[in-house]
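Since we're looking at a predicted model, the values are computed, not measured. By convention in this document, chain letters (A, B, ...) are assigned in the order of the sequence lines, proteins followed by strands, and residues within each chain are numbered from 1.
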Protein chains: 2
Amino acid sequence: MLEAKLQEAGLLKKLLDAIKELVTDANFECNEEGINLQAMDNSHVALVSVLIQAAGFKRYRCDRPMPLGVNLGSLTKVLKCAKDDDICTLKAADEADLLNLVYEAKNSDRIAEYEMKLMDIDSDQLGIPETEYDARVTLPSNEFSRIVRDLSLLGESVRIEVSKEGVRFASEGEAANGSILLRQTEGSISGGKIVALSKDGDDDGEVKEEDDEEENEDDDEDEEGSKKKKKSKGKKEKKVKKEDGDEDEEMGDVDEDGEEEQDDESEDEEESNGKKRKKKASSSSKPAKKAKTSKSKKGDDDDDTSGVLIEMNQHVSLTFSLKYLVNFSKSGSLANKVQLMMSNDVPLLVAYEFDQGHIRYYLAPKIGDD
Amino acid sequence: MLEAKLQEAGLLKKLLDAIKELVTDANFECNEEGINLQAMDNSHVALVSVLIQAAGFKRYRCDRPMPLGVNLGSLTKVLKCAKDDDICTLKAADEADLLNLVYEAKNSDRIAEYEMKLMDIDSDQLGIPETEYDARVTLPSNEFSRIVRDLSLLGESVRIEVSKEGVRFASEGEAANGSILLRQTEGSISGGKIVALSKDGDDDGEVKEEDDEEENEDDDEDEEGSKKKKKSKGKKEKKVKKEDGDEDEEMGDVDEDGEEEQDDESEDEEESNGKKRKKKASSSSKPAKKAKTSKSKKGDDDDDTSGVLIEMNQHVSLTFSLKYLVNFSKSGSLANKVQLMMSNDVPLLVAYEFDQGHIRYYLAPKIGDD
DNA sequence: CTAAGGTGTT
DNA sequence: AACACCTTAG
């Protein structure tokens with residue numbers, strides 16, 4: 001059976017708000033790791049993947065894996081009956097066709113209980129290849145929302161181009177064309193300089209502008225410690241797939257395969273941080289963990305709420321449907337930042353990472369662009 | 001002629017907002033006591049009764065009773081032209097077919113004047129039996145709004161059940177079922193204990209904390225009670241009409257329900273004597289003043305803006321159309337609290353009491369419930 | 001975080 | 001009129 005107690009019903013409400021227009025029905029795959037949802041959008045163009053880790057719950061118990069087939073419209077309705085700060089408990093018996101939701105007002109005598117019918121849904125769990133991307137743009141989620149909303153007024157598509165200049169969002173419409181350029185934020189770790197994405201693995205094929213080889217002291221920045229402040233926080237290294245997303249349990253079975261963990265280091269912790277210091281022989285073997293905690297709070301560059309971080313190994317230029325991006329951007333309420341991960345001719349990954357989970361969208365580029 | 005000066009146009013605006021979807025046309029019955037409106041909703045299922053006492057006006061003059069037939073849509077439009085804090089004066093000549101509205105900005109030289117056409121409306125003044133209720137639930141009006149709004153997402157009906165446990169609102173729908181339980185607020189006069197309704201009498205709306213009759217009978221609970229309810233109703237003595245609502249301008253009374261007094265003359269008399277005649281039906285004039293001292297803490301219970309107060313003599317369980325309750329709950333902007341008065345198989349009374357008046361709704365239960 | 005007000009949209 | 005969205009004030 002499942003019993004999952006969420007401190008704030010608001011999280012679930014926001015998640016549902018974010019995806020309910022994209023997907024009508026989906027399986028909530030519950031297992032001891034947490035709750036995962038993965039679904040194609042109704043027109044089979046986009047893919048959404050949601051995870052709430054077990055640790056993200058106030059209490060979590062799931063004896064054995066069970067898929068809960070949920071009509072998201074129904075769940076949205078039921079969740080509308082909860083206040084954001086209600087404590088929300090999800091319960092389901094094994095093989096049950098009902099999901100029980102209990103809302104406890106934080107401070108009152110009010111207890112609301114709902115039971116929602118479940119349904120059988122063919123779970124076409126799609127394995128998502130763990131792609132390595134040529135470019136990653138991290139920007140405030142509200143900035144992203146604004147950009148796609150603005151451009152959607154002009155045209156239907158947006159070309160996203162990452163170059164040394166920065167990241168450009170360009171759209172063409174009948175009435176007008178628009179182009180928005182975001183430069184790397186000055187004062188950031190890289191001092192405004194666009195850095196290379198490091199490969200996740202030991203692959204050094206990418207052009208790293210600088211190397212983590214650096215000693216711990218300045219491993220934070222390219223510039224000579226001009227911005228030391230950052231350093232103190234987490235060890236920032238421009239790398240890879242998901243620095244903020246600690247969870248590397250990529251959706252699908254793919255991650256399960258464990259192929260990904262090419263940990264040069266034997267430490268999972270580190271690897272999960274995406275900070276791979278192959279030669280970190282130096283001092284810290286453990287500090288990585290520390291960084292993790294600190295980052296959960298704030299202070300990590302990636303958590304800088306206002307900055308734009310651009311990492312790239314290669315120029316990318318891709319065109320996407322704005323309609324979907326606008327839809328994705330609804331998740332902005334879940335996280336201050338969003339990451340756009342791109343490689344040419346590969347689906348875009350739009351990732352929002354929050355405390356103990358994430359919501360990620362994949363969208364194939366339009367062809368014939370660029 | 002009528003001349004009624006309202007300190008705040010906002011009151012009228014809110015009243016109109018509250019009922020305009022329920023009723024399209026209605027007579028504003030003006031007499032020396034104040035302005036009263038009573039109408040069945042368009043589908044003749046619910047009844048709404050609005051009163052603004054003469055004392056509720058900054059100035060009030062009404063030489064003789066006059067009904068003003070108003071199209072509520074028109075009045076709403078005209079009232080939209082007033083700011084909430086405008087001083088609003090209503091004027092009508094005898095036999096006039098025009099209503100004059102003057103808005104004076106509180107602090108400026110602005111004077112706006114509108115005249116609205118009146119219409120003749122057959123006044124089917126329905127007598128409302130002065131029922132004594134088996135249960136009264138007093139709760140914050142926003143809480144009530146929230147509950148009915150939430151449940152209306154799920155189903156069309158709500159079963160309201162008052163028991164020793166508290167008051168439960170339960171609804172069943174296709175997608176989900178919901179149940180909200182409100183317990184008596186701790187720390188209230190009764191310390192969380194659900195008290196019996198006090199009898200009608202000259203009490204000033206106070207609740208008796210300890211009712212001597214509380215322990216002596218069965219009517220508080222038991223399965224038998226439910227079957228005896230009909231019978232008991234006739235003999236029940238612990239009933240309350242309206243503790244807070246002193247105005248007894250009810251049309252008709254249980255005692256005289258055989259006769260509908262629609263006559264202006266007798267009506268006026270009743271209203272003018274309302275306060276005095278209150279005791280006429282109640283044999284016992286048990287003073288409830290005592291209770292007042294015991295409830296020192298939060299002041300008057302009915303003024304406690306956040307608490308839930310439950311008074312009952314007998315378990316009640318009734319089912320109502322949520323659509324109407326949602327409509328009623330719009331009046332929440334007029335008062336912090338709302339009272340639900342119920343007896344089995346009798347129309348629910350939803351009462352909002354504000355400074356010098358009230359808005360009350362009556363809704364017949366659905367049959368075949370419970 | 002909630003409530004309220006304003007806007008735009010269907 | 002209702003809903004969704006955003007901003008603002010408390």
Side-chain angles (χ1 to χ4, degrees), chain A residues 6-22 72-73 76-88 103-108 110 112 140-150 152-154 322-323 325-336 354-355, chain B residues 8-11 13-24 41-43 71-77 79-86 139-154 156 305-306 322-338:
Chain A
L6 209 49
Q7 181 61 43
E8 306 232 330
L11 173 63
L12 215 44
K13 295 177 69 169
K14 287 175 189 161
L15 282 171
L16 264 290
D17 277 347
I19 64 174
K20 69 168 191 286
E21 283 184 45
L22 221 44
L72 300 189
T76 299
K77 278 185 184 175
V78 174
L79 284 172
K80 283 220 172 101
C81 301
K83 296 180 74 171
D84 279 359
D85 61 349
D86 279 350
I87 296 166
C88 170
Y103 307 143
E104 299 170 63
K106 191 151 288 181
N107 50 357
S108 87
R110 187 185 207 266
S141 52
N142 54 4
E143 176 81 69
F144 180 61
S145 299
R146 179 70 201 244
I147 289 168
V148 296
R149 192 164 16 96
D150 284 353
S152 69
L153 296 176
L154 305 181
L322 276 166
K323 171 183 148 199
L325 297 184
V326 168
N327 227 318
F328 299 168
S329 72
K330 288 182 180 173
S331 298
S333 59
L334 284 157
N336 288 330
F354 49 87
D355 264 358
Chain B
E8 306 234 328
L11 173 63
K13 295 176 71 169
K14 287 175 188 161
L15 281 170
L16 264 289
D17 276 347
I19 65 175
K20 70 169 190 286
E21 282 182 52
L22 223 44
V23 183
T24 57
D41 83 295
N42 295 329
S43 52
N71 174 283
L72 300 188
S74 300
L75 181 53
T76 299
K77 281 183 184 171
L79 284 172
K80 283 222 168 97
C81 303
K83 297 183 65 177
D84 279 0
D85 61 349
D86 279 351
L139 70 163
S141 52
N142 55 4
E143 177 81 70
F144 180 63
S145 298
R146 178 75 202 234
I147 289 168
V148 295
R149 193 165 16 99
D150 282 354
L151 293 181
S152 68
L153 294 175
L154 305 181
E156 302 205 328
T305 185
S306 64
L322 277 166
K323 172 182 146 198
Y324 286 96
L325 297 184
V326 169
N327 226 318
F328 300 168
S329 72
K330 289 182 181 173
S331 298
S333 59
L334 285 157
N336 288 328
K337 307 208 66 119
V338 60

Set of side-chain contact (heavy atoms from CB on, under 4.5 Å) partners for A/Leu16, sequence neighbours left out: A/Phe28, A/Leu72, A/Leu75, A/Thr76, A/Leu79
For A/Arg149, all residues meeting side-chain contact (heavy atoms from CB on, under 4.5 Å), sequence neighbours excluded: A/Arg146
Side-chain donor-acceptor pair present, B/Ser43, B/Tyr324, cut-off under 3.5 Å: yes
Can you confirm whether A/Phe328 sits close enough to A/Leu22 that some side-chain heavy atom of one is under 4.5 Å from a side-chain heavy atom of the other? yes
Under the side-chain contact (heavy atoms from CB on, under 4.5 Å) test, residues paired with B/Ala335 that sit two or more places apart: B/Tyr352
Are any non-hydrogen side-chain atoms of B/Leu11 and B/Lys14 less than 4.5 angstrom apart? no
Considering only nitrogen or oxygen atoms on both sides, find all protein atoms under 3.5 Å from nucleotides 1-10 of chain D and state each distance.
{"from": "D/dA1", "atom 1": "OP2", "to": "B/Lys20", "atom 2": "NZ", "distance (Å)": "3.4"}
{"from": "D/dA2", "atom 1": "OP1", "to": "B/Glu21", "atom 2": "OE1", "distance (Å)": "3.0"}
{"from": "D/dA2", "atom 1": "OP2", "to": "B/Glu21", "atom 2": "OE2", "distance (Å)": "3.1"}

Extract from the structure each pairing of a protein N or O with an N or O of nucleotides 1-6 of chain C at less than 3.5 Å, listing the distance.
{"from": "C/dT2", "atom 1": "OP1", "to": "A/Asp85", "atom 2": "OD1", "distance (Å)": "3.1"}

Could I get the full list of side-chain hydrogen bond (donor to acceptor under 3.5 Å, both in side chains) partners for A/Asn327, not counting sequence neighbours? none
